[in-house]
Amino acid sequence: ACSRGKRERGPIGAYAARVFDNLPGRRTMEESQPQRAALEARLEALRAERSLERLDASSAVLDYEIGALLEHGLAQPAEALQHYLLAQQESPAFRPAFDAVTRILEERRAFDRLARLHAEEVSAAMSRGGRASARLALGSVEAARGAWDRATEAFRAALETMGSRSGRQG
């Protein structure tokens, strides 16, 4: 419903890519038990490291990595979502966490939560482009749930935001 285009990778995006690159692919039954044990051991190590961290950007990265292991390695998306949400709270600018949260909510078709998340994103955006992008995402969510008037309103607001020449919030 609300897919996003490719984003430029900074250091955090490169880190997130390494996390995903190190997750297991499809395994045979013989390989799956040792692989699962290794993932669970890595998960415990990350949780131990996480317990020592302050609530900041570094803890957000750890919560994100825990979420990625849970979601992609151990097939536990509900638990993963909790860690992605923690990462997002700890560092709102950490975009991989926001994207993971929206992806899981889209898969669950949790449109009310998605709409609130994108409305918060509109309010927190620091640029016209960021506000317009968040409004487009909000409009897509509203359209997916059949709220056509709200979808149209969000799309119009996005166009007005991008069409304005001043730096004022639209």
Would you say [X] and [Y] are hydrophobically clustered, going by side-chain heavy atoms of ILVMFWY under 4.5 Å?
X	Y	answer
Leu43	Leu39	yes
Leu86	Ile66	no
Phe111	Ile104	yes
Leu85	Phe98	yes
Leu74	Leu62	yes

Contacts of Asp149 meeting side chain to side chain donor-acceptor pair (under 3.5 Å) (sequence neighbours excluded), chain-then-number -> none
Keeping Ser133 on the side-chain end and Gly130 on the backbone end, is there a donor-acceptor pair under 3.5 Å?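 Side chain of Ser133 to backbone of Gly130: no pair is present.
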Is a donor on one side and an acceptor on the other found under 3.5 Å between the side chain of Tyr64 and the backbone of Gln88?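 No; zero donor-acceptor contacts below 3.5 Å.
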Please report the interatomic distance [atom1]([X]) to [atom2]([Y]), rounded to the nearest 0.5 Å.
X	Y	atom1	atom2	answer
Tyr84	Arg103	OH	CZ	5.0 Å
Glu44	Glu49	CD	CD	13.0 Å
Glu79	Glu71	CD	CD	12.0 Å
Glu142	Arg135	CD	CZ	13.5 Å
Asp63	Arg50	CG	CZ	4.5 Å

Please say whether more than 12 non-hydrogen atoms of neighbouring residues, nucleotides or ligands are located less than 6.0 Å from CZ in Arg156. no
How close do [X] and [Y] get, counting heavy atoms only, and between which atoms?
X	Y	value
Ala80	Gly67	CB-O, 3.2 Å
Ala78	Arg108	CA-NH2, 3.2 Å
Arg109	Ala144	NH2-O, 4.2 Å
Leu69	Arg42	CD1-CG, 3.6 Å
Ser91	Ala60	CB-CB, 3.6 Å
Val122	Ala134	CG2-CB, 3.5 Å

Quick one, Arg145 and Asp112 - any side-chain contact, counting heavy atoms below 4.5 Å? yes
Hey, does Arg113 have a side-chain heavy atom less than 4.5 Å from the side chain of Leu81?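 Leu81 reaches Arg113 side chain to side chain.
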Passes side-chain contact (heavy atoms from CB on, under 4.5 Å), Arg47 versus His83? Steps please. CA-CA 11 Å; Arg47 285 181 169 153; His83 285 279; 4.0 Å; yes
Could you go through the side-chain contact (heavy atoms from CB on, under 4.5 Å) check for His118 and Thr102 one step at a time? CA-CA 9 Å; His118 288 302; Thr102 57; 4.0 Å; yes
With a 4.0 Å cut-off, would you call Arg116 and Glu120 a salt bridge?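 No, Arg116 and Glu120 are not salt-bridged.
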